[in-house]
Amino acid sequence: MSLSPKQIVNELDKYIIGQDKAKRAVAIALRNRYRRSRLSEADREEITPKNIIMKGPTGVGKTEIARRLAKLVKAPFIKVEATKYTEVGYVGRDVESMVRDLVECSIRLVKEEKMKEVSVKAEAAAEKKVIAVLSEMKKGERGEMAKEVFDAKLLEDLHAGKFDDTQIEIEVVDTPKSMELVPGGAEINIGSIFGEMLPKKRKRRKMSVKQAMQQLIAEESEKLIDNDSVNAEALRRAEEQGIIFIDEIDKIAGKENRGGADVSREGVQRDILPIVEGCTVMTKYGPVKTDFILFIAAGAFHLSKVEDLIPELQGRFPINVELESLSKDDFVKILTQPQNAITAQYGKLLAVDNIDLHFTDDAIEEIAQISADMNATSEDIGARRLHTVMEYLLEDISFNAGGDYPTVTVTIDQKYVDEHLDKVISDRDLKKYVL
């Protein structure tokens, strides 16, 4: 990955509005990983990632920045919540499970890449099996035609999608279902525990040709890829490129022992510390060193401060960035600029029911103003406020749409916004006078 910090920020700008400080911090952290990879092995061992704490209200882009960053470089990424973990000795998830989850994510990423590499061979093998079943089903239609010619015609029809909904019976691998052994813990697949010790069971199942092709391609791909090399590459990526996003870290920041549910908060911090400092965690695929995993922690820090974390943990997150609350101008940009803008999302959804939805500039301004005012007069929930406002706004259209009607163009202007958000606006005005 050789994107410069400026290029990384430009990519993040396509999806996230504002928050330049946070974008710069993560862009530098990511580039430093690339810089480290170009050094000698001895130098690489000395340089560790500079972990980041993001501080800011909910809905301003903390998680999205980390998620988009990982997607940009195809790095293994998981988001965990600090409140889900308990101190050793209590019932609940142990902190090491976050590293095991990261490895599982890395395994999936590498496996998907390897499966793409063998997809042509796997698809050909799957087609051969499906054609054999279809040929037997339709042998009465063959007549005097040679089997090879008939099978070639079936293959042509299969490629054209003519058999997608045809029901056939094929033999597939019977995968045992995962079981959750501990409430709130990881799901355990009994089959994966014993690995190759148990023979794979097969059973006959009836399904459509389209489903059968997907199942058979997955099975054939599994046969073609080397699981040992997948596991080795996945462990390497988890160690060198993994990103763990620890959300709600402010909820475990209080030092005082309040008893009850909060009894293990400082204990959780102490358990997280060795993971962030660098240790070796055992997984079912092998040991994983956490020394070079990038940790990004986040929290609103309304009731606590970053300084309330234990000093050792603070020291392992040397970069602190504060994300700002969203303004009216930010809301206008969120509604119009990103590739996945919320107005475009609703437009695509309603287009399914032949509604051609358009928003005027004054409507966008009004929606942004209402959202900003609601965040100011009640809980600040950031960009999530737009979802609340848009659902109220488009409730009538969404309810009445549907059916075999011709395409209807609906233009949302300021008058429409004021009429349909009248109750929301009046509630907002009332709150100005409530102490």
Salt bridge or not for Lys210 and Asp165, using N-O below 4.0 Å? no
Whether the Asn51 and Arg316 side chains hold a donor-acceptor pair (N or O, under 3.5 Å, no angle test) is what I'd like checked. no
Side chains of Ser327 and Asp329: do they bring a donor and an acceptor to under 3.5 Å? no
Regarding Glu240 and Arg36, does a basic nitrogen lie under 4.0 Å from an acidic carboxylate oxygen? yes
Does any donor atom in the side chain of Tyr416 or Glu366 lie under 3.5 Å from an acceptor atom in the other side chain? no
Donor-acceptor list for residues 21-28 side chains, cut-off 3.5 Å, not counting sequence neighbours:
{"unit_1": "Lys23", "atom_1": "NZ", "unit_2": "Asp13", "atom_2": "OD1", "d": "2.6"}
{"unit_1": "Lys23", "atom_1": "NZ", "unit_2": "Ile16", "atom_2": "O", "d": "2.6"}
{"unit_1": "Lys23", "atom_1": "NZ", "unit_2": "Gly18", "atom_2": "O", "d": "2.9"}

Give the C-alpha distance, both sets of side-chain angles, the deciding distance and a yes or no for side-chain contact (heavy atoms from CB on, under 4.5 Å) between Arg33 and Ile243. CA-CA 11 Å; Arg33 278 196 155 181; Ile243 299 173; 4.0 Å; yes
Quick one: side chains of residues 276-283, donor-acceptor pairs under 3.5 Å with protein atoms, not counting sequence neighbours, listed by atom name and distance.
{"unit_1": "Thr283", "atom_1": "OG1", "unit_2": "Tyr285", "atom_2": "N", "d": "3.2"}
{"unit_1": "Thr283", "atom_1": "OG1", "unit_2": "Gly286", "atom_2": "N", "d": "3.3"}
{"unit_1": "Thr283", "atom_1": "OG1", "unit_2": "Gly286", "atom_2": "O", "d": "2.7"}

Carefully, step by step, assess Met390 and Gln345 under the rule side-chain contact (heavy atoms from CB on, under 4.5 Å). CA-CA 11 Å; Met390 291 292 282; Gln345 289 175 23; over 6 Å; no
Closer than 4.0 angstrom, basic N to acidic O: yes or no for Arg237 and Glu233? yes
Tell me whether Glu113 is salt-bridged to Lys116, with the criterion being a basic N under 4.0 Å from an acidic carboxylate O. no
Arg385/Asp373 ion pair, N-O < 4.0 Å: no
Looking at Phe295 and Phe317, what are the two nearest heavy atoms and their distance? O-CE2, 3.8 Å
Before you tell me yes or no, could you show the steps for Thr48 and Phe292 under side-chain contact (heavy atoms from CB on, under 4.5 Å), namely the whole-Å CA-CA distance, both residues' side-chain angles and the distance that decides it to 0.1 Å? CA-CA 6 Å; Thr48 55; Phe292 307 111; 4.1 Å; yes
Just jot down the side-chain hydrogen bond (donor to acceptor under 3.5 Å, both in side chains) partners of Ser398, sequence neighbours excluded, or say none. none
Cut-off 3.5 Å, side chains only: do Asp356 and Thr407 have a donor facing an acceptor? no
